[in-house]
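Proteins come first, then strands; the chains are lettered A, B, ... in the order of their sequence lines, and each starts at number 1.
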Protein chains: 2
Amino acid sequence: MTRGTAGERVVLGDVARRAGVSVSTASRALAEDRRISAATRRAVREAATDLRYVPNATARSLRARRTRTLGLLLADLSDPVHGLVAAGFEEEAARSGYGVTFAAGQGDDARERRSLRLFAENAADGVAIASTLLDPTIARRLVPGGRVVIVQPDSPRLPRDRRTRVRGVIRTDDVAGMEAVAAHLVECGYRDVAYVGDGTRTSDVVRHRALERALKRGAPPLPVRWVPAPDAAWRAPEPVVAEIARSLPDVLVCFDDKLALSLLDALRARDLHVPDDVGVVGFDGIPFAEISNPRLTTVVTPAFEMGRRAAAILISAVQTGTMPEAETLPVALAVRESTRVRLAPAGEVAPGA
Amino acid sequence: MTRGTAGERVVLGDVARRAGVSVSTASRALAEDRRISAATRRAVREAATDLRYVPNATARSLRARRTRTLGLLLADLSDPVHGLVAAGFEEEAARSGYGVTFAAGQGDDARERRSLRLFAENAADGVAIASTLLDPTIARRLVPGGRVVIVQPDSPRLPRDRRTRVRGVIRTDDVAGMEAVAAHLVECGYRDVAYVGDGTRTSDVVRHRALERALKRGAPPLPVRWVPAPDAAWRAPEPVVAEIARSLPDVLVCFDDKLALSLLDALRARDLHVPDDVGVVGFDGIPFAEISNPRLTTVVTPAFEMGRRAAAILISAVQTGTMPEAETLPVALAVRESTRVRLAPAGEVAPGA
DNA sequence: TTGTAAGCGTTATCAA
DNA sequence: TTGATAACGCTTACAA
């Protein structure tokens with residue numbers, strides 16, 4: 001028995017020897033190179049199967065100067081939205097034969113930089129960053145080829161308006177989402193609207209402002225109260241609800257579903273009934289928003305699809321060498337049980353007419 | 001300017017040249033090798049920083065025959081339990097300087113094998129498999145070193161009893177969990193108990209049987225009805241609830257929280273009130289079980305911790321060469337609102353006395 | 001159509 | 001304490 005048949009690692013040389021050809025022929029044969037005769041190709045394939053040959057991607061990557069690996073950095077893997085983004089990212093990457101290595105930043109700047117460095121050392125062909133506070137410019141610097149796509153950027157440094165053109169950014173159309181929310185609130189006859197959010201994150205500011213603007217454009221124009229809720233408020237919503245209860249608004253528009261659902265629970269603990277005492281609107285459309293009690297009215301965002309697009313864009317960037325322009329994915333308002341028509345019964349009464 | 005200062009990739013040779021030493025010295029210096037003088041070490045470090053040198057992990061891995069990378073294969077990344085497992089796994093791996101590459105099997109056998117093969121080609125130092133149907137023996141064969149740890153194995157092929165000793169397996173103490181559930185059910189005075197699950201997955205069978213046995217041991221012994229619910233029933237629970245409604249049990253013990261929560265919603269849609277008309281018990285303790293309405297009584301499992309342990313065990317196996325024995329992590333019953341004392345008011349009446 | 005040999009960027013062996 | 005040099009396993013000019 002030749003070497004390689006035993007416990008030793010089987011390498012291409014072993015396959016070549018068994019097939020009675022040279023290493024280069026074996027290499028080409030396994031790559032289905034047309035220059036190698038069909039017979040030789042089959043012989044090599046068989047030798048490879050017999051020996052249970054597993055190609056060494058490390059050696060291949062070193063030689064080829066590309067790893068067929070994508071890096072994915074996100075804030076928290078256990079978050080439902082991020083889980084969906086990651087799932088979509090992995091699915092698309094796998095479809096194209098790319099591996100995915102991932103890291104969670106946990107909102108810790110040092111950790112995020114360390115992760116990007118790890119991606120760099122491991123020579124990821126591209127990197128996606130989802131919902132982290134990291135400055136995109138810094139992120140691009142930390143990734144050698146600059147092949148970075150940012151999903152739902154939350155850095156305060158990124159231009160907030162829709163006109164500025166950026167490359168390699170994927171976001172949801174939060175403005176349109178909030179416009180739909182505003183229209184729905186008006187339709188329901190809500191007057192005293194409160195927005196609940198932390199007041200600093202980019203996506204929070206974007207959503208908050210979009211809501212304000214849309215409501216200001218109405219007839220009559222409606223103001224929006226702001227109820228501050230720290231970033232982790234969804235883990236301990238009671239203080240926020242206490243603040244809310246001091247002067248109950250008609251409806252609460254929440255930064256995201258996690259917050260909205262936890263508020264639902266905390267409101268119930270205070271015997272405040274949704275939607276009778278107060279309406280609640282979420283943002284994201286996570287699965288549990290569909291089966292909460294009451295079911296949550298929310299803006300459904302395509303989290304899984306964002307992940308897919310991020311991977312697709314990266315792979316295309318790797319292959320073409322140019323990073324596609326920013327994409328904004330559509331969202332949809334799902335009206336459910338946590339909001340309802342308030343004053344007049346639903347009808348032909350044009351609001352403000 | 002020497003080569004490497006420009007856009008070209010900076011390699012160790014560039015650092016060595018700038019520091020005025022040889023490549024080998026530079027390599028050792030960056031590895032903080034004691035044999036290199038402190039002065040030289042600092043000089044090399046500085047050169048590296050100046051040039052923004054990023055070591056090439058691919059080359060290092062090729063030479064060192066280990067990648068400092070772990071593979072994680074799970075069924076569905078967007079599932080809350082898996083998300084937590086993944087988060088724990090990544091955290092522990094990162095703590096030890098390991099990267100994590102992951103893949104989702106989506107219950108597709110071919111896809112799972114392909115993922116394991118990808119891990120093999122990329123020479124992951126170890127692989128963790130969570131909640132997949134893959135036969136552990138096959139899994140071990142597909143991973144070169146056999147360094148596999150299986151989290152919550154769901155293969156029908158794995159020995160189900162607690163005596164058999166296996167290596168590299170991490171599971172939760174589902175039997176103890178169901179015993180606690182049984183005790184709670186008895187305490188509540190439930191008589192007509194139904195178990196809802198798909199009837200095939202290992203964890204389903206384990207939980208089902210454990211519940212049956214625990215209830216059979218009571219005084220009086222209680223039987224358990226079985227309500228079949230296909231694997232994906234939580235996406236479309238209506239047919240299951242229809243079946244349940246034909247003859248309403250006192251309490252539903254569900255395979256997992258996802259199923260329990262979706263049943264909660266479907267029951268409500270039918271005007272069946274929980275816990276007044278029927279009690280509901282879940283399993284897993286996912287975050288939303290704490291804030292559902294009613295809040296879900298469930299067996300809380302340490303999903304995040306399972307991920308941590310899996311990574312820790314793998315890393316130790318990589319370093320020591322031996323795979324630690326199976327671990328069973330403790331669970332805890334969380335009694336919440338979806339179950340309640342039924343017949344007699346809560347009191348000193350010993351059940352069955 | 002196939003073989004020879006160079007080289008990807010490290011680390012480790014052996015000398016000095 | 002440091003330096004030359006040979007691997008690691010693969011792909012790809014360049015030859016034949």
Length of the line joining [X]:[atom1] and [N]:[atom2], which is rounded to integer Å:
X	N	atom1	atom2	value
A:Asn122	C:dT10	CG	C1'	14 Å
A:Asn56	D:dC10	CG	C1'	8 Å
B:Leu30	C:dT11	CG	C1'	12 Å
A:Arg60	D:dC8	CZ	P	19 Å
A:Arg9	D:dA7	CZ	P	19 Å
B:Asp33	C:dT13	CG	C1'	13 Å
B:Arg65	D:dA7	CZ	C1'	10 Å

Taking atom types as modelled, is there a side-chain donor on [X] or [Y] under 3.5 Å from an acceptor on the other?
X	Y	answer
A:Ser22	A:Thr25	yes
A:Ser203	A:Gln152	no
A:Ser61	A:Thr58	no

Taking 4.0 Å as the cut-off, does a side-chain nitrogen or oxygen of [X] come that near to OP1 or OP2 on [N]?
X	N	value
A:Arg28	D:dC10	no
A:Ser27	D:dT11	yes
B:Arg35	D:dT1	no
A:Ser22	C:dG3	yes
A:Tyr53	D:dC10	yes

Closest-nucleotide 5' rank along DNA chain D - winner of B:Arg41 and A:Ala64: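 Looking at the nearest nucleotide for each, B:Arg41 comes out on the 5' side.
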Contact nearer the 5' end of DNA chain D, comparing B:Val23 with B:Leu62: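 Looking at DNA chain D, the more 5' nearest nucleotide goes with B:Val23.
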Answer with yes or no whether [X] presents, from its side chain, a donor or acceptor under 3.5 Å of a partner atom in the base of [N].
X	N	result
B:Ser24	D:dA4	yes
B:Arg66	C:dT11	no
B:Arg63	C:dT11	yes

Touch class at under 4.0 angstrom, heavy-atom based, for A:Thr40 against every strand present: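 Answer is sugar-phosphate: A:Thr40 comes under 4.0 Å of backbone atoms only.
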Smallest separation among heavy atoms of B:Thr49 and B:Arg45, with atom names: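 The pair with the smallest heavy-atom distance is OG1-O, 2.7 Å.
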Residue pair A:Pro55 / B:Arg117, side-chain heavy-atom distance below 4.5 Å: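 Heavy-atom side-chain distance check passes, below 4.5 Å.
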Listed nucleotide nearest any side-chain atom of A:Leu12, set D:dC10, C:dC8, D:dT2: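 So the nucleotide nearest the side chain must be D:dC10.
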First encountered from the 5' end of DNA chain C, between B:Pro55 and A:Arg34: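 Nearest nucleotide further toward 5': that of A:Arg34.
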